[in-house]
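Everything below concerns the one structure shown next.
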Amino acid sequence: MNQLGSFEDLLDLQQIDLEIDRLLKERESLPELEEYKVAHERSTVLAVEKRDTESRLREMSLELDRESGELELAEAKLGTEQNRLYAGGLSARDATFLRQEVEMLNRKNEETEGRVLELMELKDSFEQQQEDVTVRLAEVEKAKAVVEAVIKERWAVIDARVAKKEVRKADIVPLVEGDLLDLYETLRPTKEGVAVGRLKDGVCGGCHLRLTAAEQIEIAKGDPVRCLHCRRILVI
Ligand SMILES: [Zn+2]
């Protein structure tokens with residue numbers, strides 16, 4: 001495993017892998033992703049608020065219909081009783097009784113009218129709320145769509161760059177000897193992406209620590225040569 005070509009190619013491969021790592025990191029950490037997340041959370045909250053408001057508005061409308069219907073019937077009844085009273089021909093006792101009943105119905109109807117008015121006001125306020133939340137939701141959704149488009153655009157640029165690097169990588173990988181490539185792939189995740197370094201002036205290109213002359217002679221026996229300190233592959 002000591003063909004020099006293989007090691008130089010491995011250094012090239014690492015360079016490309018590091019560039020790909022950097023691009024993928026850039027892809028994951030676009031500031032727009034945070035904006036999108038905030039907009040998405042906001043739109044989820046508003047969608048729930050909108051649903052709740054609509055549901056309360058429906059309940060309110062049903063209650064209003066019911067109370068209005070009751071009021072209509074009660075008013076009809078009141079009208080009938082009043083007509084009977086005005087028509088006369090009743091005994092004094094019946095007239096008193098009917099007058100009392102008309103008064104009672106009047107009071108009851110006034111109460112129902114009050115409730116109907118209250119419900120109408122409530123319904124108005126819920127309708128206003130529903131309109132507000134619908135507008136706010138639409139605004140957030142619009143902002144979210146804008147950010148989403150920016151993210152897609154940025155991602156497309158990054159993905160195209162990564163694709164180019166992958167093509168170059170595919171050219172280099174076959175040039176690296178199999179076992180060396182395996183070792184490189186095993187080391188990379190545990191060494192911040194740097195599995196191989198050049199040994200220059202006795203200093204490891206990976207950990208930047210110096211190796212004494214004796215240490216250099218010792219490690220040179222390794223196949224592949226690896227740093228005594230960080231165990232990275234060294235290109236001499
Ligand atoms: Zn080292």
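Because only heavy atoms are used, hydrogens play no part in the values below, and waters and symmetry mates are left out as well, while side chains stay in. When a ligand or atom number is given, it counts from 1 through the structure's own listing order.
- Using a distance-only test at 3.5 Å, with no hydrogens or angles considered, a donor-acceptor pair links the side chain of Gln14 to the main chain of Val196.
- Using modelled atom types, no side-chain atom of Glu111 and backbone atom of Lys108 make a donor-acceptor pair closer than 3.5 Å.
- Legend: salt bridge (Lys or Arg N to Asp or Glu O under 4.0 Å) pairs involving residues 227-236, not counting sequence neighbours, sorted by first then second residue: Glu192-Arg232.
- Within the structure, no pair that satisfies the salt bridge (Lys or Arg N to Asp or Glu O under 4.0 Å) test touches residues 86-99, not counting sequence neighbours.
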Which side-chain N or O atoms in residues 141-149 pair as donor and acceptor under 3.5 Å with protein atoms at least two apart or in another chain?
from: Glu141; atom 1: OE2; to: Ser43; atom 2: OG; distance (Å): 3.3
from: Lys144; atom 1: NZ; to: His40; atom 2: ND1; distance (Å): 3.0

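- Judged by distance alone, the side chain of His229 and the main-chain N or O of Arg210 form a donor-acceptor pair under 3.5 Å.
- By the criterion of a separation under 2.8 Å, the protein N/O/S atoms near the Zn ion (ligand 1) amount to Cys204 SG, Cys207 SG, Cys227 SG, Cys230 SG.
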